[in-house]
Structure formats: structure tokens, C-alpha cells
J.: 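First, the structure itself, so that you have it in front of you.
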Amino acid sequence: MREVAVATQAAGILSDSREAAPLVEVEHLTKRFRQGRREIVALDDVSFAVYPGEIFGVMGLSGAGKSTLIRCINLLERPDAGRVTVAGQEMTRLTGRSLMQARRRIGMIFQHFALLSSRTVAGNVAFPLEIAGFPRPEIRRRVDELLELVGLSDRAAAYPSQLSGGQKQRVGIARALAPEPVLLLSDEATSALDPETTLSVLRLLQEINRRMGLTILMITHEMHVIREICHRVAVIDQGRLVEIGPVAQVFSRPQSEAGQRLLRAQLQEDVPADILNRPRDSSHRLFRLGFLGEVAHEPVVAEVVRTLPVMLNVLFGRIEQLGGVPWGRLVVEISGTPAAVEEARQYLKRRGVEVEEIRPVDQESAAVPSPARVEGGAA
Ligand SMILES: Nc1ncnc2c1ncn2[C@@H]1O[C@H](COP(=O)(O)OP(=O)(O)O)[C@@H](O)[C@H]1O
Ligand SMILES: [Mg+2]
């Protein structure tokens, strides 16, 4: 009980769900696969909870165990150990008919949509309702409503092959929502879409979450997907859950090595390599600055230049939203006497700015080759 209170507090943003019991509870989940003579531990003692109304993200590299996790939540895959509870029902205890019924309360969308090519858009959305034995007039009514919700009313008679990727995923979403699930699982649902379409599908999911209060668990290897719509995020690495927290917290100050690696990979795209690689010394230092929350709007950087004898050159800057919290990022070069540059660094830190020094790549790798770099070089 205490644990639950702490976790909901961490959710923070979702003030109305703070008192609620978890909708999804994953406890000590373990799943192993045998591949020839080798045993793969796809999930290793994973525990976390998702609260009603949350959009919860699970992020990790390819092979981390994300799909296995989602398949163990709806019991498409039976875990070797541990317990999964969804809306008060212990999934891991169910078999046969009762499992099928419980699964109906869990919608799912997929990377490659998994639509029936021989059925129209309306036919695809109607499919789960036909299986569940809904009366025809009700099926027709719900299909109409759902197609309206996802913006495809005018494509009801089209076949999947006549649709764009984004439209196909909208059909996938409508179909998943048809049986009125209590939980929507998304396995890389936007990974096959271009950036613009991805954004529109994410906005649709966000709207569905807001309007219907639907809880969404989404797994992805793409950080920007999580950043765009998730409230909380868990990082999974080699089958282990290594970090969990509000998106703003995890993305701005990841504690785990896997979280830091994911963040660094994203940040490095921001600054051209030639700038990163330019030689530096103690009177020309390059810093990556992160401003979370209110400080993002304060002119801290201007204060540095005004109060200290340094030059500050902004090489990159952006403010974005992290789970609803403003997150400002700057890459700056600070130059002056070594003492003044160091003083500027400390000043920024004191003002609550995240400060990370960027060293030229060769300098860094000459010191200690990091495992990530060795892997990257080999690939
Ligand atoms: N059915 C299976 N049989 C054998 N190994 C599997 C099976 N499904 C997944 N794995 C292995 O489990 C690990 C996690 O896979 P997966 O959950 O698909 O990762 P992700 O979705 O994060 O890319 C991988 O090493 C993968 O090869
Ligand atoms: Mg996967």
C-alpha cells in the first residue's frame, strides 16, 4: 500500500488518479525463451504499476524485451514467473474462456497494423464486435461512431490496400477501441510511419486518452514518441526495468546507464559533429545545458554574461515539452580565463541548470572507450 502511494505521487501530473488503485500491476514478471541450447531471459523480475488515465511509456532498445512485456500483459505469452493484474483481474491465473473474455477488455495496436485485407475499413472495425456476438444494429452504430472518432467516416467502404499508413493505423485504433477496452496496448504503433503521420496518430491517442480517460501503455524504441504524449516512462534494458518516473524527470536526468545512453543518443543529433569535435582547452569549453520547469523561461544565461567576464556563444537551442513540463536545452561555448569559465559553470549549476560538459569525441574515446562506442564502431 505504501509503495502504491509513493508511485502515484511520482505520477504527479495525474492529480485525479492519485488515490486510485493501479489499473495494471506487473509483479516480478520473468520470461525466458529457449533458442537452441541457449536460454534468453527476455524479462527479468519486472515490476511496475500503471494508474487509471495514464499514458505510460516503456522505452528500450531493440531486443530489450518490450514486445514480450506487452504480450505477457495480455497473456499472449505466458510468463515463467510473476503476476499480471489488469483492472483487478489476475490475468496470470486465467485460462481458456475466462482468459479470452479478460483479453477482450484489452485493446492492442501494432506496428504493421494487422488489418484483414479482405475486409473493408468498416468490416475491420466491426470484426471484434461480431466475434463478441454484438447485435447487428449496435455494431453498425459503434462502427459509425468509431470511424468518426478517428476521422475515417468517408473511408468506411475502402479496403486496407487503398489506405495510407496513417489511415491504416487509425483503423487499427478504431478496431482496438470497438469492444470498449479498459486498457490500450501499443507495440511500436508509430514506428512504421513518417514523422508527420506519427505526430497525428499520437495526437489522436492523446485525444482519446483525454476524452475517454482511456489508460494507454505504449512501448517504443523512439524517445520522441514518449516525450510527445506519455506521462510516465519506464526504461527497460536487457529484460530488466532499470528506471521509472515522470517523463520530465527521466528524460532530463536519467539515473540509469541505459536511460543516459538513450538520452545522449538523442542529444548528440542536435549539434553538428564538426562543432563537437573542435579542439578545446580550459578557456574554451563546450556545455550542454538543460533547464527544466520554470527555470526554462528565466534568462539565466544572460545573467552569466552580465555578471562574469566570459563570452557565451549559443550553438544550439530549443524549448520543448516533456510530459507537459517545459524543457529548455542549449549548447553553449563559454570562453574567458580558465577561472572565469569555471565560475560560469558553477554559477549555472547553482541556478538549478543541468550542466554537462561536451568533450571532443576523439579526446573522449582516447581516454576510455565506452562500450556504446565500441558497439557502434563494430556495427
Ligand atoms: N518467441 C521467441 N522465441 C525465442 N526468443 C524470443 C521470442 N520472442 C522474443 N525472443 C527474444 O527475447 C528478447 C526480447 O525480445 P522482444 O521482447 O521482442 O524485444 P523488443 O520488443 O524490445 O525488441 C530478444 O532477445 C528476442 O530475440
Ligand atoms: Mg518489439
Side-chain angles (χ1 to χ4, degrees), residues 2-4 6-7 10-11 22-51 54 56-86 89-95 99 103 106 108 110-111 183 185-188 191 215-223 225-226 230 232-247 249-251 253-265 370-372 374-376 378-379:
R2 221 182 71 84
E3 241 179 58
V4 168
V6 172
L23 183 81
V24 181
E25 237 179 327
V26 172
E27 298 167 276
H28 305 293
L29 205 60
T30 296
K31 176 71 189 177
R32 302 182 197 91
F33 291 110
R34 204 162 293 285
Q35 256 185 7
R37 324 180 83 208
R38 229 156 53 92
E39 191 185 68
I40 293 165
V41 185
L43 293 176
D44 187 358
D45 195 20
V46 170
S47 301
F48 65 97
V50 180
Y51 292 85
E54 264 193 301
F56 188 93
V58 176
M59 186 174 61
L61 297 174
S62 169
K66 304 180 300 294
S67 294
T68 305
L69 173 63
I70 250 183
R71 293 167 61 81
C72 282
I73 287 175
N74 60 14
L75 264 282
L76 282 174
E77 204 83 74
R78 193 162 280 278
D80 293 302
R83 202 151 63 148
V84 174
T85 310
V86 176
Q89 196 159 30
E90 197 181 320
M91 300 293 292
T92 26
R93 287 175 83 117
L94 303 176
T95 54
L99 177 58
R103 229 182 245 145
I106 305 175
M108 186 154 174
F110 308 86
Q111 180 173 7
L183 171 68
L185 302 176
S186 163
D187 188 345
E188 304 274 6
S191 298
T215 308
I216 303 177
L217 178 83
M218 52 192 323
I219 65 173
T220 177
H221 68 283
E222 295 176 305
M223 198 163 183
V225 166
I226 307 260
C230 292
R232 284 195 305 145
V233 61
V235 178
I236 161 167
D237 183 38
Q238 296 180 37
R240 275 190 289 267
L241 192 148
V242 293
E243 182 151 6
I244 182 167
V247 169
Q249 184 188 304
V250 171
F251 280 16
R253 292 163 207 191
Q255 303 296 308
S256 66
E257 206 190 306
Q260 286 165 8
R261 231 186 294 132
L262 286 162
L263 182 68
R264 207 172 302 135
S370 74
V374 172
E375 268 168 37

J.: For residues V250 and M59, determine if any side-chain heavy atom of one lies less than 4.5 Å from a side-chain heavy atom of the other.
T.: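 SC-SC contact between V250 and M59 ruled out.
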J.: How long is the gap from CD1 on I219 to OG on S186, to the nearest 0.5 Å?
T.: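 Answer rounded to 0.5 Å: 7.5 Å.
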J.: Looking at residues at least two apart in the chain, or sitting in another chain, which of them share a ring-ring contact (aromatic ring centres under 6.0 Å, His included) with F110?
T.: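 ring-ring contact (aromatic ring centres under 6.0 Å, His included) check on F110 returns nothing, list empty.
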J.: Can you tell if the side chain of L69 reaches within under 4.5 Å of the side chain of V58, non-hydrogen atoms only?
T.: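 Yes - at least one pair of side-chain heavy atoms lies under 4.5 Å apart.
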J.: Quick check: do I106 and M108 have side-chain heavy atoms less than 4.5 Å from each other?
T.: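 No, side chains not in contact.
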J.: Hey, what do you get for CG (L185) to CZ (F56), rounding to the nearest 0.5 Å?
T.: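 Rounded to the nearest 0.5 Å, the CG-CZ separation comes out at 12.5 Å.
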J.: Using side-chain heavy atoms (C-beta onward) and a distance below 4.5 Å, is D187 in contact with K66?
T.: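 No, side chains not in contact.
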J.: Tell me, with the steps shown, if H221 and E188 meet side chain to side chain contact (heavy atoms under 4.5 Å, CB included).
T.: CA-CA 8 Å; H221 68 283; E188 304 274 6; 3.0 Å; yes
J.: So which heavy atom on A234 is nearest to which on L241, and how close?
T.: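 It is CB-CD1, 3.9 Å.
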J.: Which distance, rounded to the nearest 0.5 Å, do you find between the CG of L262 and the CE of M223?
T.: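 The CG atom of L262 sits 6.5 Å away from the CE atom of M223.
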J.: Does some side-chain heavy atom of L43 sit less than 4.5 Å from a side-chain heavy atom of P79?
T.: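 In short, these two side chains do not touch, never coming nearer than 4.5 Å.
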J.: Looking at Q238, I'd like to know if its CD atom is crowded, meaning that more than 12 non-hydrogen atoms belonging to other residues, nucleotides or ligands lie closer than 6.0 Å.
T.: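 It does not: Q238 CD has 12 such atoms or fewer within range.
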J.: Between atom CD of E77 and atom CG of L29, what is the distance when rounded to the nearest 0.5 Å?
T.: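 Here the rounded value is 10.5 Å.
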J.: Can you name the closest pair of heavy atoms from E222 and T220 and give their distance?
T.: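 Heavy atoms of E222 and T220 come nearest at N-OG1, 2.8 Å.
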J.: What's the separation between atom CE in M91 and atom CZ in R103, rounded to the nearest 0.5 Å?
T.: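 The CZ atom of R103 is 6.5 Å from CE of M91, to the nearest 0.5 Å.
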J.: Would you say Q249's side chain and P246's backbone share a donor-acceptor pair under 3.5 angstrom?
T.: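 Not at all, since once roles are kept as given, no pair shorter than 3.5 Å links the two residues.
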J.: Decide yes or no on side chain to side chain contact (heavy atoms under 4.5 Å, CB included) for V26 and V50, but give the supporting numbers first.
T.: CA-CA 9 Å; V26 172; V50 180; over 6 Å; no
J.: I'd like to know if the side chain of T215 and the backbone of L183 have a donor-acceptor N/O pair within less than 3.5 Å.
T.: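 Such a contact is absent between T215 side chain and L183 backbone.
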J.: Show the nearest heavy-atom pair for residues G259 and P254, with the distance to one decimal.
T.: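 It is C-CB, 3.6 Å.
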J.: Determine yes or no for a side-chain-to-main-chain donor-acceptor pair under 3.5 angstrom, with E243 supplying the side chain and S256 the backbone.
T.: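 The answer is yes, because a donor-acceptor pair under 3.5 Å joins these two groups.
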J.: Please tell me if the side chains of T85 and E27 come closer than 4.5 Å, counting only heavy atoms from C-beta onward.
T.: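 Sidechains of E27 and T85: in contact.
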J.: How many angstroms lie between CG in N74 and CG in L99, if you round to the nearest 0.5 Å?
T.: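 The distance works out to 8.5 Å.
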J.: Which heavy-atom pair separates V235 from A258 by the least distance, and what is that distance?
T.: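 Looks like CG1-CB, 4.1 Å.
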J.: Would one find more than 12 heavy atoms of other residues, nucleotides or ligands at under 6.0 Å from atom CZ of R78?
T.: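 More than 12 heavy atoms, drawn from other residues, nucleotides or ligands, come within 6.0 Å of this atom.
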J.: Should L75 and L94 be marked as a side chain to side chain contact (heavy atoms under 4.5 Å, CB included) after you check the CA-CA gap, both sets of side-chain angles, and the distance that decides it?
T.: CA-CA 9 Å; L75 264 282; L94 303 176; over 6 Å; no
J.: For R240, look at atom CZ and say whether over 12 heavy atoms of other residues, nucleotides or ligands are found less than 6.0 Å away.
T.: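 It does not: R240 CZ has 12 such atoms or fewer within range.
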J.: Quick one: closest heavy-atom pair of S191 and Q111, and the distance?
T.: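 In this case the closest contact between S191 and Q111 is CB-NE2, 3.5 Å.
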